[in-house]
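Only one structure is covered here, and it is reproduced in the block below.
Since this is a predicted model, take the numbers as computed values, not measurements.
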Amino acid sequence: LSIASVGVTIPHGIGMAISGLYPHIAHGASLAINYPACTRFTYEYAVPQFAKLGRMLDPQLTSGSDDTAAEKSCDLLDDFLKKIDLWIRLKDFDMPENEIPLLAKNSMILPDYENNPRVATAEEMLEIIQQSYSL
């Protein structure tokens, strides 16, 4: 119901493109693959939301500024993914590196990326996919 009402943001749009092109990659894995690049791309455009995430992952950030908590949320999410053994890259799934431009293009077909607090250009989407390939 939530997705039908308001849609999703850039990680889910990329995740759908990943699983569409590479059906052996589950949607949950596709999200883990691209979240590190997507959080770094987005956090400055959604500071209150990312600050909340940072404080959930590290309550010691409660006393600091929202900007600091938002920035640190990226590294904290990385640490969480590592802790749960989901620190994975596209190259871990044998995706051919020369298909990065195709995946970036397909990540912009569905309008989900337009719901992101920072809307990616084609060049920025390519950078996100490149980072998700080998970060």
Can you tell me how far the [atom1] atom of [X] sits from the [atom2] atom of [Y], to the nearest 0.5 Å?
| X | Y | atom1 | atom2 | result |
| --- | --- | --- | --- | --- |
| Cys74 | Leu53 | SG | CG | 8.5 Å |
| Ile88 | Tyr35 | CD1 | OH | 13.5 Å |
| Ser132 | Lys91 | OG | NZ | 12.5 Å |
| Leu77 | Met56 | CG | CE | 10.5 Å |
| Tyr113 | Met108 | OH | CE | 3.5 Å |
| Thr9 | Asn115 | OG1 | CG | 7.5 Å |

Distance-only, no hydrogens or angles: does the [X] side chain make a donor-acceptor pair with backbone N or O of [Y] under 3.5 Å?
| X | Y | value |
| --- | --- | --- |
| Ser19 | Met16 | no |
| Tyr133 | Met95 | yes |
| Ser73 | Gly54 | no |
| Arg55 | Ala69 | no |

Atom [atom1] of residue position [X] - does it have more than 12 heavy atoms of other residues, nucleotides or ligands inside 6.0 Å?
| X | atom1 | result |
| --- | --- | --- |
| Tyr22 | OH | yes |
| Phe93 | CZ | yes |
| Lys83 | NZ | no |

Legend entry - Candidate list Leu103, Asn106, Ile129, test side-chain contact (heavy atoms from CB on, under 4.5 Å), partner Ile18, passing option: Leu103

Legend entry - Test applied, side-chain contact (heavy atoms from CB on, under 4.5 Å); reference residue, Leu126; option that passes from Gln130, Glu123, Glu124: Gln130

Are [X] and [Y] connected in the hydrophobic side-chain network, where two residues link if heavy atoms are under 4.5 Å apart?
| X | Y | value |
| --- | --- | --- |
| Leu86 | Ile14 | yes |
| Leu21 | Ile109 | no |
| Tyr45 | Met125 | no |

Legend entry - Test side chain to side chain donor-acceptor pair (under 3.5 Å) applied to Thr62 - qualifying residues, sequence neighbours left out: none

Legend entry - Within 45° cone of Phe41 ring axis and under 6.0 Å: Arg118 NZ or CZ: yes

Inset, instruction - If the plane angle is over 60° it's perpendicular, under 30° parallel, otherwise tilted; pick one for His12 and His27. - result: tilted

Inset, instruction - Name all residues meeting the salt bridge (charged side-chain N to carboxylate O under 4.0 Å, His left out) criterion together with Arg40; count only those two or more places apart in sequence or in a different chain, and write none if there are none. - result: Asp75, Asp78

Legend entry - Note, Ser107 side chain near Ile10 side chain (heavy atom, < 4.5 Å): no

Inset, instruction - For residues Arg89 and Pro36, determine if any side-chain heavy atom of one lies less than 4.5 Å from a side-chain heavy atom of the other. - result: yes

Inset, instruction - Salt-bridge test for Asp67 and Lys72: reply yes if a basic N is under 4.0 Å from a carboxylate O, no otherwise. - result: no

